[in-house]
Amino acid sequence: MRETVYDKIFKPKTYTLSNGKEVKQHASRMPFILLIVLFITIVSWEVTGVDLSMIRTRGYQFIVILLAMFPPNLNFMSNVWGPLFDTIQMSLLGSIAGALLAIPFALLSSSNIIRNQLLNGFFKLFLSILRTLPTLVTALIATFIFGLGTMAGTVAIFIFTLSYIGKLMYEHIENVDMGAFEAHESMGLSKVEAFRYAIVPDVMPTYLSVSLYAFEGNIRYAAILGYVGAGGVGLLLDERLGWRDYPSVGMVLLILMLVVFVIERISEYFRMKLT
Amino acid sequence: MNKAVQLQLEKEPNRKLYLSTIGIILAALLVWSFMGVNITGFDPRGTQIASNIFWGILSPDLAFLFDFRTAGGVPYLLFETIAIAFLGTIFGSLLAIPISFLMSPSVVSKPVAFVTRLVVIFIRTIPSLVYGLMFIRVTGPGPYAGVLTMSLTSIGMISRLYVDVIENLDRGVLEAMTSMGCNTYEKIRYGILPQLFSNFLSVTIYRYDMNLRDATILGLVGAGGIGAPLIFAMRSYRWNEVGSILIGLVILILAVEIFSNKLRSKLVNG
Amino acid sequence: MTMIEFKNVTKTYPNGVKALNDVNLTIDQGEFVAIIGLSGAGKSTLIRCINRMHEINEGTLMVNDVDVGKLKGKQVRLFRRNIGMIFQSFNLVTRTSVINNVLISTVPDLAWWRKVLGLFPKEKKIDALEALDKVGILDKAYNRVDQLSGGQQQRVALARTIAQHPAIILADEPVASLDPVTAKVVMDDFKKINKETNMSILINIHHVELALEYADRVIGIRQGEVVYDGKSEAVTQEVLDQIYGSQAELPKMNDPEEAEV
């Protein structure tokens, strides 16, 4: 173990064995880490004005809304399908487009495929920066550029999917065992042929599985994009919550849960098959 | 060609039908989603706004970006966002510990695990903004509502990852301890807890990274953090301020991501 | 007939390490040759120069009357079609089926659309299955490679090489990651192929006993130079000492860095 500044302050203990050998035990960093965590907790507590007694005194308000959602307004069901399909279509199109464009981005970021560190670094940074933007913020910006509606939502989901899959894939590609690639070259395959038959089969199951996973998550994200005017079921939620029409909100949430549940089960089934 | 080879050749699994069915379904879904989304192209003013945002990022409002003194400056807003995400993660991970045990089939009976799992899935499906609005009714607008929302929304994923940790515990250690004559308490204290602790911590740090991203959007419903000023600045076309906020956000999240990756790899590799 | 001929071959790595120093060797068609020596003596480099996975700096290397150093681009790939290679870590695509791995050896002969889609014609499939039959794992043809044991994986690699129909097989530590019994099975396969098809086989190998048991001829390498070349029956303890050096030159195990907790 290397000696760090921490070890200079808290000297390691030394034990002498019966045969004269010396063993050093470094002081545990745990108390130090716990102290930092405690400190940040207290500061955050102050900054955000957390007041646990409020949960006791006013917590029923949360339950009130929850109870107001029951029973859900069944008549509202017919209004839900249109926006709900918009949401699914948005996330489907955004996910597929994002997943497809993620391939060239991931390849350009992988140092074992494109041997140009400048190019790799540039694309890695680009994907990281895209990833930092929360989907809702991207959607907000997109509504300014593409106007209100599903197009803005699709673009937001597209950008998130691109960055998410792109990053996971280049990490996977960089960790691929290049042995098969070498073997294929030794058999006289060209670099492209060796890539097609060594890297692609290795990466493909992960790529499909990650894409499905991204699509699953995107449905849940897409449900709130309507909030900033980017189309879909979020629009409906925003409107009904504003009118305090909680039984209808309950209906929207119920249908959303069922759809997300079904889609997650289907996608989970295929992801299990892929691994 | 000998007989065994002939036999084996006929045994080749035929996946053409399966693959082409999936291909057709996918293509149909793609066409369907194309029909649903209005491909509007650029709004007439869109290109203008896009370039405005671009210039806003290139020429941010520096006074706003480096305003360390007032509560309205970017540094304070980021600080508030960090605090919301931090407390939300701490509360969420504490709540997730009992829930994850109730979700692991190797700890409780199968039906109990299944029901808890279902409940967690439903908690997860409700969009965070809806929780935000509900909690605002409890606490009034402000970062506190954000903290409560974060706590609730992070339970879903944290407990799912905790379950993986619990299910993948190395049982060999317990076997070894039994062979040394340790009792149940000793096995939990020295065999299970050390394994759980570092893995749980790693999951929690990972979730903090994601919560930070989510905390930025809670401001949109008035639950504190940097989201609200962002949407105000955009609605009033103050692009320089938008630029400042976006720059601050990107730098913060990148920094936290790098830091948390370092921390996690240290936790895993010792 | 001479298959491989090294004439004053020297190879220096960019970091200045001299891996091969003035090597002269002739290997005939149908010979079974084992190359022995310490790790880092240049065994691997010697083998990899033959199919030009490594470039040589000086001298000439003739394989099947072709000057290896003069080949360019597509010629290199055509030349490699005629040489099979086996690796210590098998180097298979583990997430696909056994037969697909064997079929990869036929990829360069396919039409472009078949290459893209990965559709192989029936006669290639039969060829691949026959190769699998030769190494005794025909029944595993449609299993995924990662379900197989190490010995079975190495035999898949061997089948892949057989389906390539090469004139030479180069094997770089083919049994180093296998247990002793499996290692013998794989070595038996090599011997069988050598006898039946008259391919030349060059094997890098750590296990001296296996080398002496299976190979007709042994080449000993030390610090990039050939220090022994002769029949395997003629290898004595003195010869081995010459190749591996005396005990004193071995790296010390009680290194203080290693002992520290």
Side-chain angles (χ1 to χ4, degrees), chain A residues 1-3 7 12-28 103 112-113 115 169 172-173 175-210 270-275, chain C residues 47-48 50-54 73-97 100-110 112 114-118 120 144-146 153 156-157 160-161 163-166 169-172 256 259-261:
Chain A
M1 230 171 140
R2 262 197 350 265
E3 299 249 330
D7 294 310
K13 278 184 198 161
T14 310
Y15 301 96
T16 312
L17 305 186
S18 50
N19 61 5
K21 277 191 185 167
E22 280 197 351
V23 182
K24 279 183 180 176
Q25 184 190 22
H26 292 263
S28 166
I103 298 173
N112 56 344
I113 304 295
R115 296 189 185 279
M169 286 329 290
H172 186 88
I173 294 174
N175 286 321
V176 162
D177 176 19
M178 294 300 277
F181 188 87
E182 188 194 8
H184 294 179
E185 276 204 295
S186 82
M187 289 189 290
L189 273 71
S190 66
K191 281 203 191 308
V192 178
E193 287 163 358
F195 175 82
R196 160 70 182 80
Y197 285 95
I199 314 282
V200 172
D202 197 288
V203 168
M204 199 50 137
T206 313
Y207 171 71
L208 292 177
S209 158
V210 164
F270 280 107
R271 284 194 288 125
M272 286 288 277
K273 281 196 89 167
L274 281 169
T275 45
Chain C
I47 272 206
R48 278 156 200 257
I50 295 172
N51 62 350
R52 224 175 104 181
M53 296 297 275
H54 285 334
K74 202 169 172 17
Q75 291 172 327
V76 176
R77 297 204 293 274
L78 265 171
F79 165 74
R80 283 181 185 162
R81 299 286 301 135
N82 210 21
I83 302 175
M85 192 161 195
I86 304 280
F87 303 83
Q88 175 181 351
S89 47
F90 324 134
N91 292 5
L92 299 166
V93 186
T94 51
R95 294 176 88 166
T96 187
S97 65
N100 278 346
N101 266 288
V102 179
L103 282 167
I104 289 167
S105 61
T106 67
V107 164
D109 310 332
L110 298 179
W112 68 269
R114 282 187 184 275
K115 280 183 195 171
V116 174
L117 296 174
F120 297 93
R144 254 171 64 148
V145 170
D146 46 15
Q153 291 197 21
V156 175
R160 179 175 68 182
T161 301
Q164 193 186 328
H165 303 295
I169 294 183
L170 308 173
D172 193 4
E260 198 178 330
V261 183

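Just so it is clear: chains get the letters A, B, ... in the order the sequence lines come, proteins before strands, and each one is counted from 1.
- Residue A:Ser186 comes nearest to C:Phe87 through the heavy atom pair OG-CZ, 3.9 Å, listed as atom of the first residue, atom of the second, then distance.
- Between A:Gly179 and C:Asn91 the shortest heavy-atom distance is O-ND2, 2.9 Å.
- With a threshold of 4.5 angstrom between heavy atoms, C:Ser105 approaches chain A through its backbone and through its side chain.
- Between A:Leu274 and C:Arg144, the shortest heavy-atom distance links the atoms O-NH1, 4.4 Å.
- Atom CZ in C:Arg81 sits 7.5 Å away from atom CE in A:Met187 (nearest 0.5 Å).
- For the pair C:Arg95 and A:Thr206, the minimum side-chain heavy-atom distance is below 4.5 Å.
- Heavy atoms from other residues, nucleotides or ligands lying under 6.0 Å from CE of A:Met178 number more than 12.
- Legend: salt bridge (Lys or Arg N to Asp or Glu O under 4.0 Å) pairs involving residues 183-209 of chain A, not counting sequence neighbours, sorted by first then second residue: A:Glu185-A:Lys191, A:Glu193-C:Lys115.
- Across all their heavy atoms, C:Pro108 and A:Gly188 have their closest contact at CG-O, 3.9 Å.
- In terms of heavy-atom pairs under 4.5 Å with chain A, the best-connected choice from C:Met53, C:Arg80, C:Lys74, C:Met85 is C:Arg80.
- In plain terms, the two heavy atoms of C:Ile104 and A:Tyr197 that are nearest each other are CD1-O, 3.8 Å.
- The side chain to side chain donor-acceptor pair (under 3.5 Å) search around C:Asp172 returns C:Ser44, C:Arg48, C:Asn204, not counting sequence neighbours.
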